[in-house]
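Order of the sequence lines fixes the chain letters, A, B, ..., with proteins taken first and strands second; residue numbering starts at 1 for each chain. Basis for what follows: all heavy atoms, side chains included, without hydrogens, waters or symmetry-related copies.
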2 protein chains.
Amino acid sequence: EKAVVSGVTYSRDEAKITLRKVPDRPGVAASIFGPLADSAINVDMIVQNISPDTKSTDMTFTVGRSDLDRTVQVLESHREDLGFSDLVAEEGVVKVSVIGVGMRSHTGVAQQMFQALASKGINIQVITTSEIKISVLIDEAYLELALRSLHTVYGLDVT
Amino acid sequence: EKAVVSGVTYSRDEAKITLRKVPDRPGVAASIFGPLADSAINVDMIVQNISPDTKSTDMTFTVGRSDLDRTVQVLESHREDLGFSDLVAEEGVVKVSVIGVGMRSHTGVAQQMFQALASKGINIQVITTSEIKISVLIDEAYLELALRSLHTVYGLDVT
Ligand SMILES: C[C@@H](O)[C@H](N)C(=O)O
Ligand SMILES: C[C@@H](O)[C@H](N)C(=O)O
């Protein structure tokens with residue numbers, strides 16, 4: 001599995017927005033991203049987990065830091081029809097990704113990534129995956145430590 | 001933005017596992033995927049959102065349907081040290097993805113995808129993204145309807 005990881009990347013330009021308890025019914029996700037698309041706000045990560053009670057769930061996404069205030073304004077102005085209970089906006093996070101083109105399975109690569117972060121006491125706030133990539137959001141204060149630890153674990157140390 | 005989407009793909013071989021309320025502290029994610037890697041269980045999607053209370057959060061991931069029972073056994077046998085409150089295992093879901101190589105932003109493409117699903121009354125259970133892809137989990141009964149709707153919305157209709 002070690003040979004599978006081809007690189008580690010990161011993005012500092014991430015601000016995290018979480019809409020708590022959006023109704024879990026068809027159309028809600030579209031109603032959140034419609035106004036953002038209309039305002040030409042670029043969204044990067046989108047993460048939603050299954051609803052814990054079949055009624056509502058949390059929706060998290062990231063925007064560029066310079067778009068954070070505008071994003072909050074757009075969402076607050078649509079608060080009535082979106083129906084979220086709270087909006088949590090936070091800078092100070094970075095996205096760190098592990099790229100593995102041959103990853104048939106994420107298990108081993110993910111475990112190594114999570115272990116490398118855990119060994120430095122770095123808490124994982126958000127996780128998303130695609131077939132060739134595992135991305136996490138962590139506190140920006142830990143970026144350099146995370147990158148060094150991941151490079152070591154995957155044998156990618158640069159001279 | 002329309003020109004950006006190059007395809008729609010899907011995977012039927014997905015079984016969803018959710019560990020409710022895992023402790024939100026460094027090392028927990030590694031302790032979940034360690035035993036799965038040791039059991040050579042292939043994991044596909046991994047989705048975790050931020051903790052609603054800074055104490056615990058839900059962790060969802062998918063495995064091949066033939067691995068579902070074994071996965072549940074492995075996790076139940078580690079229930080003590082993993083500390084989750086519940087384990088929810090479910091077949092009957094499919095992954096549908098929209099691929100866009102030039103996607104600088106997910107906003108417009110995501111909104112169209114979510115709207116195409118909403119227009120057919122299809123509820124989105126889970127969402128994850130990478131730079132070139134947006135994936136959702138939906139009820140398998142809606143697969144054909146979802147694919148047709150997405151092909152139409154992105155002008156990918158096949159003859
Ligand atoms: C929460 C949101 O994703 C909702 N389930 C929808 O389909 O739009
Ligand atoms: C929940 C889990 O991701 C935890 N925050 C960790 O870092 O392992």
Side-chain angles (χ1 to χ4, degrees), chain A residues 1 16 18 20 24-34 36-37 40-52 57-61 88 97 104-108 110-137, chain B residues 1 16 18 20 24-34 36-37 40-52 57-61 88 97 104-108 110-137:
Chain A
E1 188 93 53
K16 187 178 70 180
T18 300
R20 294 251 180 255
D24 184 26
R25 49 162 201 275
V28 169
S31 66
I32 293 167
F33 292 95
L36 297 176
I41 290 172
N42 284 349
V43 167
D44 179 24
M45 299 170 83
I46 305 174
V47 182
Q48 177 209 316
N49 209 329
I50 64 170
S51 157
T57 191
D58 296 342
M59 178 85 70
T60 294
F61 60 89
V88 180
S97 305
R104 222 190 75 56
S105 159
H106 287 114
T107 327
Q111 198 272 332
Q112 285 173 318
M113 179 186 199
F114 302 156
Q115 187 55 45
L117 299 174
S119 69
K120 305 293 182 207
I122 301 171
N123 193 48
I124 300 166
Q125 298 183 21
V126 166
I127 304 173
T128 75
T129 58
S130 74
E131 278 70 7
I132 61 166
K133 195 176 215 175
I134 302 173
S135 296
V136 298
L137 279 183
Chain B
E1 187 98 51
K16 185 179 69 181
T18 300
R20 296 247 181 257
D24 185 22
R25 52 163 196 275
V28 169
S31 67
I32 293 168
F33 292 96
L36 298 176
I41 290 173
N42 284 347
V43 168
D44 180 21
M45 298 170 83
I46 304 172
V47 182
Q48 178 210 316
N49 210 330
I50 64 169
S51 157
T57 191
D58 296 343
M59 178 84 71
T60 294
F61 60 89
V88 181
S97 306
R104 221 191 74 55
S105 158
H106 287 113
T107 328
Q111 198 271 332
Q112 284 172 322
M113 178 185 198
F114 302 155
Q115 187 55 44
L117 299 174
S119 69
K120 305 291 182 209
I122 301 171
N123 193 50
I124 300 166
Q125 298 184 20
V126 166
I127 303 173
T128 75
T129 58
S130 74
E131 277 71 5
I132 60 166
K133 193 175 211 172
I134 303 172
S135 296
V136 298
L137 280 183

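- In this structure, Phe33(B) CZ and Met113(A) CE are separated by 12.0 Å, a value rounded to the nearest 0.5 Å.
- Remark: side-chain polar atoms of Thr107(B) are not paired, donor with acceptor, to backbone N or O of Leu36(A) under 3.5 angstrom.
- For Ile124(B), the parts sitting under 4.5 Å from any heavy atom of chain A are the backbone and the side chain alike.
- Residue Ile41(A) touches chain B through its backbone alone, counting heavy-atom pairs closer than 4.5 Å.
- Contact record, Ile127(B) with Ala29(A): CD1-CB, 4.5 Å, taken as the closest heavy-atom pair.
- Using a 4.5 Å heavy-atom threshold, the side chains of Gln48(A) and Val126(B) count as separate.
- Atoms CD1 and OG, from Ile134(A) and Ser130(B) in turn, are 12.0 Å apart once rounded to the nearest 0.5 Å.
- Counting heavy-atom pairs under 4.5 Å between each of Ala118(A), Ala116(A), Pro52(A) and chain B puts Pro52(A) at the top.
- For chain A, the option among Gly34(B), Gly27(B), Ser135(B), Ala110(B) with the highest count of heavy-atom pairs below 4.5 Å is Gly34(B).
- Among Asp58(B), Val43(B), Ile132(B), Val47(B), the residue with the largest count of heavy-atom pairs under 4.5 Å with chain A is Val43(B).
- One distance of note links CD1 of Ile50(B) with NZ of Lys16(A); it measures 4.5 Å at 0.5 Å rounding.
- Contact of Met59(B) with chain A is made through backbone and side chain together, with heavy-atom distances under 4.5 Å.
- Looking at every heavy atom in both residues, Asp44(B) comes nearest to Glu131(A) through OD1-OE2, 4.4 Å.
- Applying side-chain hydrogen bond (donor to acceptor under 3.5 Å, both in side chains) to Asn49(B) and the options Thr128(A), Asn49(A), Thr60(A) leaves one that passes, Thr60(A).
- Of all the listed residues (Leu117(B), Asp24(B), Thr18(B)), the one sharing the greatest number of non-hydrogen pairs under 4.5 Å with chain A is Asp24(B).
- The nearest pair of heavy atoms linking Pro26(B) to Gly121(A) is CG-O, 3.5 Å.
- Put simply, of Lys133(A), Lys120(A), Arg20(A), Met45(A), the one with the most heavy-atom pairs under 4.5 Å next to chain B is Arg20(A).
- Note that CD of Gln111(A) and CD1 of Ile32(B) are 11.0 Å apart. Values are rounded to the nearest 0.5 Å.
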